[in-house]
Amino acid sequence: MNLNNRIKLSFMMFLEFFIWGAWFVTLGTFLGNNLSATGGQSASVFSTQSWGAIIAPFIIGLIADRYFNAEKILGVLHLIGAVLMYQMYNATDISVFYPYVLAYMILFMPTLALVNSVSFNQMKDPEKEFSTIRVFGTIGWIAAGLLISFYFHWDSAEGAKEGLLKNTFLMAGIASVVLGLFSFALPKTPPKAVAGEKVKVSEILGLDALKLLKDKNFAIFFVSSILICIPLAFYYQNAHPFLSNVGVEDPTGKMTIGQVSEVLFLLLLPIFFTKFGFKKTILVGMLAWAVRYALFAYGNAGDLGFMLIIGIALHGVCYDFFFVSGQIYTNSIAGDKYKSSAQGLITLATYGVGMLIGFEVAGYITDTYKLADGTVDWKMVWIIPSIISLVVFLLFTVFFTDKKKEEVQLNA
C-alpha cells in the first residue's frame, strides 16, 4: 500500500470513530440532563444502535455490494448523518430527538463495514496491515473524549447543568461533513457482487451459518455471546451518567482510559490466546465484566476512586478477550464455506439481538432503582449486571469444552 493511501485510510478511520465517540459516550448523561429522559426512554434511544446493526447488512448486501462504490456510499451516508446530527443538536424533547437518532444509527452502522471494505480493498495482506490502520479509529475515539473533558469542559458539573452536552452533536456533525466530503477522495472501491447474481437474505444476515449451531460448543458460545451483551449494554447506557452523578471530574476524558486499555490488551491477546487457548481467554473476558461492575458498585469518587478507574481500565480485557477472541473462534469453526456468514450471524446476535435485550433490561433496572428524590441506587444498578456476567461465566465454564484449542490459531 502506498503512503498516500495509508494516510487517507488512517484519516478516514480517525474521523469514523471520532464521530461515534463524540456523542455516544455522553449520550446517557445528555438524555437525563437535557431531555429529562427516564431509564426506559434512554433504553429506547440506545436500542437504535441495535436496530442499526440489524438493518445494516441489508444496506451493505443489497446496495453497497451490488450497485455503488463503497467510498461514495460512505460519503453520502455521512453527509446525511451530519444533517441528522444538527437536528439532534436542536431537539429539546425526547419525542423529537428519537426519530432523528433512529434514522442516524440506521445510516451510521453500515459505515462501520464500509470503512473496513475500503481499507481491505487496498491491502495485499490485511492480517498484517489492517491493525495499523484501525488503531487510528481508537485514537479518534480517544481524541473526542479528551476534547469534551479537557478542552471544551462540556461534561463538567457546570457544563452539564447548563446543557452544554448538546454541543457534542454539533461537533460530531461537523466531523461528519468533513468525512462525508473526504470520502469522495478515498481510493475507489467498486461493488463486489456479480451483475445478475441473485441476492439471498439468508446470506446477508448470516443465517446460512445457523447450521453451525448443531455443534454443541458453538451453540453454547452463541447463546453466551447474546447473554454477555446484557451487562455490556449497562456500560454503554449507564457508565457516563453514573460517573457524572457520583462526582467524578472529567468523566468523558477518564473513560478514554478504556480505549487505551483496549489497544494494549489487543497486543497481549495473541500471547494469551496461544498460551491458554480459547476457553480460558474468553472466561477471563467474562470474569472481567463481573469484576468491573462490582468495582463500580462499591467504588466512589472519593477515597475509593481508584476502583472506578480500574473498572474503566478493564474495558480492554472485557472487550478484547471476549469479542475479539470470539471472532477468531468463530472464524476457526466456520471453515471457508460459512466464514463470512458466521461472522455476520455473531454480529447480528450480539450487537443486534443481545444489545437490544440488554438496553431494555438496563433501562428497566435503572427505573426500578430510581429513588424518590430522583437519584439512582447505583450500587444495585451495577450489582445486577455483575451477577449476570458471573452466571454466564459459570454456564460457559461447565458446558463448553475446548476441544479445538489446538486448531484455533491467532493470525497476528
Side-chain angles (χ1 to χ4, degrees), residues 20-21 23-54 94 97-98 101-102 105 109 165 223-246 248 251-252 255 258 285-299 308 311-312 314-315 318-319 322-323 347-371 374-393:
W20 199 2
W23 68 280
F24 196 70
V25 175
T26 58
L27 179 60
T29 303
F30 165 81
L31 292 173
N33 286 9
N34 292 51
L35 305 185
S36 301
T38 64
Q41 289 172 328
S42 293
S44 296
V45 170
F46 275 92
S47 294
T48 59
Q49 175 187 269
S50 299
W51 291 118
I54 292 169
I94 192 72
F97 182 85
Y98 180 79
V101 71
L102 176 61
M105 290 307 275
M109 294 307 286
L165 280 175
V223 172
S224 297
S225 296
I226 294 175
L227 294 177
I228 205 68
C229 282
I230 296 175
L232 170 61
F234 275 79
Y235 183 74
Y236 285 151
Q237 189 165 315
N238 288 328
H240 195 277
F242 161 67
L243 294 172
S244 299
N245 289 352
V246 300
V248 173
T252 316
M255 284 183 71
M286 289 177 176
L287 189 60
W289 286 108
V291 172
R292 151 186 262 187
Y293 292 141
L295 289 168
F296 281 176
Y298 293 99
L308 304 184
I312 294 171
L314 279 173
H315 181 73
C318 294
Y319 186 84
F322 185 87
F323 286 96
T347 300
L348 180 67
T350 52
Y351 285 97
V353 178
M355 295 286 278
L356 196 61
I357 297 169
F359 287 131
E360 289 300 321
V361 172
Y364 173 77
I365 295 299
T366 304
D367 280 341
T368 299
Y369 289 99
K370 186 167 284 186
L371 306 176
T375 60
V376 176
D377 182 354
W378 287 113
K379 182 177 179 181
M380 287 306 301
V381 168
W382 294 122
I383 284 293
I384 290 171
S386 180
I387 292 172
I388 294 172
S389 301
L390 196 57
V391 169
V392 179
F393 170 85

- Query: Are Val45 and Leu35 close enough, and set up right, to give a side-chain contact (heavy atoms from CB on, under 4.5 Å), and what steps lead you there?
  - Reply: CA-CA 12 Å; Val45 170; Leu35 305 185; over 6 Å; no

- Query: Of the non-hydrogen atoms in Pro251 and Leu243, which two are nearest, and what is the gap between them?
  - Reply: CB-CB, 3.9 Å

- Item | Close side-chain approach of Trp378 to Tyr369, heavy-atom, < 4.5 Å | no

- Quick check, are the ring centers of His240 and Phe30 under 6.0 angstrom apart? no

- Task: Would you indicate whether the side-chain heavy atoms of Thr347 and Phe323 approach each other to under 4.5 Å?
- Result: no

- Item | Matching residue for Tyr364 among Thr368, Val361, Asp367 - test: side-chain contact (heavy atoms from CB on, under 4.5 Å) | Thr368

- Task: Spell out, as yes or no, whether a donor-acceptor pair under 3.5 Å connects the side chain of Gln41 to the backbone of Thr38.
- Result: yes

- Query: Considering only heavy atoms from C-beta outward, does the side chain of Val291 approach that of Leu314 to under 4.5 Å?
  - Reply: yes

- Item | Donor-acceptor contact present, side-chain Arg292 to main-chain Gly311, <3.5 Å | yes

- Item | Non-hydrogen side-chain atoms of Leu165 and Leu27 separated by less than 4.5 Å | no

- Query: If we only count heavy atoms from C-beta on, is the Met355 to Leu232 side-chain gap below 4.5 Å?
  - Reply: yes

- Item | Any donor-acceptor N/O pair, Ser389 side chain to Pro385 backbone, under 3.5 Å | yes

- Nearest heavy-atom contact between Ser244 and Thr29 is OG-OG1, 3.7 Å

- Message: Do Ile388 and Leu227 have side chains that approach each other closer than 4.5 Å (heavy atoms only, starting at C-beta)?
- Response: no

- Task: Walk me through it: do Val392 and Ile230 pass the test side-chain contact (heavy atoms from CB on, under 4.5 Å)?
- Result: CA-CA 10 Å; Val392 179; Ile230 296 175; over 6 Å; no

- Query: Looking only at atom types and distance, does a side-chain atom of Tyr236 sit under 3.5 Å from a main-chain N or O of Phe46, one as donor and one as acceptor?
  - Reply: no

- Which is it for Leu371 and Val376 under the side-chain contact (heavy atoms from CB on, under 4.5 Å) test, yes or no, and what are the steps along the way? CA-CA 6 Å; Leu371 306 176; Val376 176; over 6 Å; no

- Item | Gap between atom CG of Leu308 and atom CG of Leu295 - 0.5 Å precision | 8.0 Å

- Message: Quick check for you: to the nearest 0.5 Å, what is the distance between Cys229 atom SG and Leu356 atom CG?
- Response: 11.0 Å

- Message: So does Leu102 get a backbone contact from the side chain of Thr48, meaning a donor-acceptor N/O pair under 3.5 Å?
- Response: no

- Rounded to the nearest 0.5 Å, the CZ atom of Phe322 sits from the CE atom of Met286 at a distance of 4.5 Å

- Take Phe234 and Phe359, measure what ring pair (Phe, Tyr, Trp, His ring centres under 6.0 Å) needs, and give me the verdict at the end. CA-CA 7 Å; Phe234 275 79; Phe359 287 131; 9.5 Å; no

- Query: Can you name the nearest heavy-atom pair linking Gly21 to Val25, along with the distance?
  - Reply: O-CG2, 3.8 Å

- Using 30° and 60° as the class limits, which term best fits the ring planes of Phe296 and Phe242: parallel, tilted or perpendicular? tilted

- Spacing of CD1 belonging to Ile365 relative to CD1 belonging to Ile384, to within rounding of 0.5 Å: 3.5 Å

- May I ask you to test the Leu348-Ile54 pair for a side-chain heavy-atom distance under 4.5 Å? yes

- Message: Rounded at 0.5 Å granularity, tell me how far CG in Asp377 sits from OG1 in Thr375.
- Response: 8.0 Å

- What distance do Ser44 atom OG and Trp51 atom CH2 have between them, rounded to the nearest 0.5 Å? 10.5 Å

- So, Ser50 side chain and Tyr351 main chain: donor-acceptor pair closer than 3.5 Å or not? yes

- Item | Plane angle bin for Phe24 and Trp20 - parallel if under 30°, tilted between 30 and 60°, otherwise perpendicular | tilted

- Message: Between Asn238 and Val381, is there a side-chain heavy-atom distance shorter than 4.5 Å?
- Response: yes

- Query: Do side-chain atoms of Ser386 reach the backbone of Trp382 as a donor and acceptor pair under 3.5 angstrom?
  - Reply: no

- Considering the options Glu360, Met105, Gln237, which one meets the side-chain contact (heavy atoms from CB on, under 4.5 Å) requirement together with Ser47? Glu360

